[in-house]
Amino acid sequence: MVSPLTETHAHLDYPEFQEDFAAVLQRAEEAGVRRMLSIGTSLESSRRAIALAEQDARIFAVAGVHPNSVDEAPADVRGELRALAEHPRVAAIGEAGLDYHRLPAGGEATHKSAQARLFTQQLDVAADMGLNVVIHQRDAWEDTLAILRDYTGRLRAVFHCFGGTFEQASEIIRLGHMISFTGIVTFKNAPVVQDCASRVGAEHFMVETDCPYLAPVPRRGQRCEPSFVRLVAEKIAELRGVPIEEIAARTTENAERFFRFKK
């Protein structure tokens, strides 16, 4: 029997999964993936994630607005987001955060300000509702931490798709937060992430795919899907010199504690 795993970050509402969704879930089941988090990237995406969670007991939703969706979001998302987050199948807020990777030319400062406002609004909802937060951070490390520090003790966050150093992970952990590893940990050109995955405390990380993106080796280049989270866990087990069962059990325990599925 395969050891159970929790896929903590999937975009199951995306069109890439529409044609074979049942088969995707079946493959996840065969790989031992007993629970999946479908992550919202906009208000509408969050509604779709909730609808999926209503249809399948293995799926929970995370409701939020990705920083790259800021231009399509209302000026204040708090009312609509709060209404979505009241749904019993919503386990967290997100993915929320900052992304400075491709800012519009000539409007960098304005766009950064809009992202910060959107991020803060979502953190406000999470703190008020007693929910944790799934963080997206890309090329915005210092600004993300500066905003998040104001919420220390009021909520916990997981930095999804963590690609930083062990020292950066330690900084997050000192603030009471967690990190999550994707298929990047299997890539040959990812020694920094591999070093972090081999050293960070077992109670501080989870596993994910970020599917349909970032398929791990040996599936790199293919559409990623939740069943591939086992490949992520297997690589981390290899890096740490422990059985896959240990990583599966610990990351599942961490996910249950963070997302509080049984609350």
**Request:** Quick one: do Leu81 and Val65 satisfy side chain to side chain contact (heavy atoms under 4.5 Å, CB included)? Show the steps, please.
**Result:** CA-CA 9 Å; Leu81 182 58; Val65 183; 5.7 Å; no
**Request:** Would you name the heavy atoms of Gln222 and Pro218 that are closest together and state the gap between them?
**Result:** NE2-O, 4.5 Å
**Request:** Ignoring hydrogens and angles, state whether a donor on the side chain of Glu54 or His87 is under 3.5 Å from an acceptor on the partner side chain.
**Result:** yes
**Qualifying residue, where the test is ring-ring contact (aromatic ring centres under 6.0 Å, His included) with His136 and the options are His66, His11, His9** = His66
**Asked** Are Arg156 and His177 linked by a side-chain donor-acceptor pair shorter than 3.5 Å?
**Response** no
**Request:** Compute whether any side-chain donor of one residue and acceptor of the other, for Thr182 and Asp210, lie under 3.5 angstrom apart.
**Result:** no
**Message:** Could you check whether Asp20 pairs with Arg27 (Lys NZ or Arg NE/NH1/NH2 to Asp/Glu carboxylate O, under 4.0 Å)?
**Reply:** yes
**Prompt:** Side-chain contact, heavy-atom cut-off 4.5 Å: Cys224 with Pro216?
**Reply:** yes
**Asked** Is the shortest side-chain N to carboxylate O distance from Arg230 to Glu29 below 4.0 Å?
**Response** no
**Request:** Report the C-alpha separation of Ile93 and Val134 in whole Å, then their side-chain angles, then the decisive distance to 0.1 Å, and conclude whether the side chain to side chain contact (heavy atoms under 4.5 Å, CB included) test is met.
**Result:** CA-CA 6 Å; Ile93 298 296; Val134 176; over 6 Å; no
**Request:** Return the minimal non-hydrogen interatomic distance between Val232 and Val185, and the atom names on each side.
**Result:** CG1-CG1, 4.0 Å
**Message:** I want to check something: taking the side chain as every heavy atom from C-beta on, are Val229 and Cys211 in contact at a cut-off of under 4.5 Å?
**Reply:** no
**Message:** Quick check for you: to the nearest 0.5 Å, what is the distance between Ile184 atom CD1 and Leu214 atom CG?
**Reply:** 5.0 Å
**Message:** If only side-chain N and O atoms count, and only distance matters, is there a donor-acceptor pair under 3.5 Å linking Glu7 with Thr209?
**Reply:** yes
**Pair listing, salt bridge (Lys or Arg N to Asp or Glu O under 4.0 Å) test, anchored in residues 177-196, at least two apart** = Asp195-Arg199
**Message:** Whether the side chain of Asn132 engages the backbone of Phe259 through a donor-acceptor N/O pair (distance < 3.5 Å, no angle test) should be reported.
**Reply:** no
**Asked** Would you find more than 12 non-hydrogen atoms of other residues, nucleotides or ligands less than 6.0 Å from Glu167 atom CD?
**Response** yes
**Complete:** The reported gap from CZ in Arg138 to CG in Asp99 (rounded to nearest 0.5 angstrom) is 6.0 Å
**Prompt:** Is any NZ, NE, NH1 or NH2 atom of the basic residue among Glu256 and Arg35 found under 4.0 Å from an Asp or Glu carboxylate oxygen of the other?
**Reply:** yes
**Item:** Geometric class of the Trp141/Phe159 ring pair [parallel <30°, tilted 30-60°, perpendicular >60°]
**Value:** tilted
**Message:** Looking only at the side chains, is there a donor atom on one of Glu208 and Ser180 sitting less than 3.5 Å from an acceptor on the other?
**Reply:** yes
**Asked** Can a salt bridge be assigned to the pair Asp128 and Arg78 using a cut-off of 4.0 Å between side-chain N and carboxylate O?
**Response** no
**Message:** So Met129 and Glu86, do their side chains get closer than 4.5 Å, heavy atoms only?
**Reply:** yes
**Message:** Whether Glu238 and Lys235 form a salt bridge (side-chain N of Lys/Arg under 4.0 Å from carboxylate O of Asp/Glu) is what I want to check.
**Reply:** yes
**Prompt:** Is it true that the side chains of Glu44 and Ser42 contain a donor and an acceptor less than 3.5 Å apart?
**Reply:** no
**Prompt:** Between Tyr151 and Val133, is any pair of side-chain heavy atoms under 4.5 Å apart?
**Reply:** no
